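Have a look at the structure below before the remarks.
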Protein chains: 2
Amino acid sequence: MSPDAVTVHGMSTSGNCHKVRLLLEQLGRPYQWVEVDSANGATRTPEYLAKNPNGKVPMLERADGRILVESNAILCWLAEGTPFLPADAWQRAQVLSWLFFEQYSHEPYIAVARFIRGWTPPDSPRRADLPRLVERGGQALAVMEKHLQSADWFTGDAYGVADIALFAYTHCAGDGGFELRKLPRITDWLARVRATPGFIPMPAVSDEVAARLATS
Amino acid sequence: MSPDAVTVHGMSTSGNCHKVRLLLEQLGRPYQWVEVDSANGATRTPEYLAKNPNGKVPMLERADGRILVESNAILCWLAEGTPFLPADAWQRAQVLSWLFFEQYSHEPYIAVARFIRGWTPPDSPRRADLPRLVERGGQALAVMEKHLQSADWFTGDAYGVADIALFAYTHCAGDGGFELRKLPRITDWLARVRATPGFIPMPAVSDEVAARLATS
């Protein structure tokens, strides 16, 4: 195994995990993928917690066993020295700003609404959270729509890690109950992301999840 | 005004804002501080939203009007090229990992529990969230305690931005109902942070907030 080899432990239908796969594909960098059923406790085993005490996916493992967790930190590390992450300190700070926005103001509402609607039973008490999540997630999408009034991308002048991070759960925001057709600039940006070289879509959810999303 | 001058718009008793002030003080870098009463709507005015559409503090403004938001992105920008942020790419990725951990797995529980107990009335319906916040925040503190079994700092071999970010709400976790005395390694680390050169404590909360915290 090459010392540069990386293994990604992830759940394919998780946007946070797909971020990492999408960047690796677009970098043309070889990787191994270990599927982890995060929705059913596979990140809570003693073996997994020994590697990542926070018990989350994705997790990147290097050939020598060193570990890196947190999807957006993994993106930055993989993108270092490539066109996916600007070298200029101010531009880079703006990229980080969007990455923190994504994890604090976007994902906890848009991804969690999708999870509740698709991965919890119809009578789950968590469904009571949905109106609040949709309100807050809508605010995050409005911030993105406003940015796209005067910019084509979130990573400075070109496509890069901030676009990958924000694409992850924006493109499937409909699963969480958000109406993307009311957001024309986001809709156009999603199309631009899908047209980038080496783009691969996130795998489809299982039939069971799809059925739940369709009736939520 | 020097082109390097920075203005920080922040609420002094917010941990996210204090992070920025603490680093600026420790860097010995001059700055202006504009107090923003975030708890009472001052980040929701048209003037503020024109600068930061996400309506949050802290916000850094440069002499030429350029804006940077998200506390941890501001820390990274200010720390670039200083001992507070490692130059090595892998170490830097680990720092980012802790910064994303702080914003995703730590702050939304520990800071929010503090806010609800100190800044909302005793009959606020948000108080029903406290048991869940205390459970999740406790998990974050356990991850930190485990890291400190084999390391003195969160920023690699030395004190730096990941320590500053995690200190912000860990040191006042008691305000949120967490018992730090049960976490000896965190307690020792907090003391090490307080002993770093140029350290300044977060300003005390108002008498009204202090009274509410004391009876929560």
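Predicted, not measured: the structure shown is a model, and the values here were computed from it. Every chain is numbered from 1, with letters handed out A, B, ... down the list of sequences. Values below: all heavy atoms of this structure, side chains included; hydrogens, waters and symmetry mates excluded.
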Leading residue by heavy atom contact count with chain A [cutoff under 4.5 Å; candidates B:Cys76, B:Ala89, B:Gly55]: B:Ala89
Is there any residue in residues 118-149 of chain A with a non-hydrogen atom under 4.5 Å from a non-hydrogen atom of chain B, and which ones are they? A:Val143, A:Lys146
Within residues 102-116 of chain A, contacts to chain B at heavy-atom distances under 4.5 Å involve A:Gln103, A:Tyr104, A:Ser105, A:Glu107, A:Pro108
Show the atom names and distances, to 0.1 Å, of all donor-acceptor pairs under 3.5 Å that link a side chain in residues 151-158 of chain B to residues at least two apart or in another chain.
from, atom 1, to, atom 2, distance (Å)
B:Thr155, OG1, B:Gly160, N, 3.3
B:Thr155, OG1, B:Gly160, O, 3.4
B:Thr155, OG1, B:Ala162, N, 3.1
B:Thr155, OG1, B:Asp163, N, 3.3
B:Thr155, OG1, B:Asp163, OD2, 2.7

Could you tell me which residues in residues 90-101 of chain B have at least one non-hydrogen atom under 4.5 Å from a non-hydrogen atom of chain A, sorted by residue number? B:Trp90, B:Ala93, B:Gln94, B:Leu96, B:Ser97, B:Leu99, B:Phe100, B:Phe101
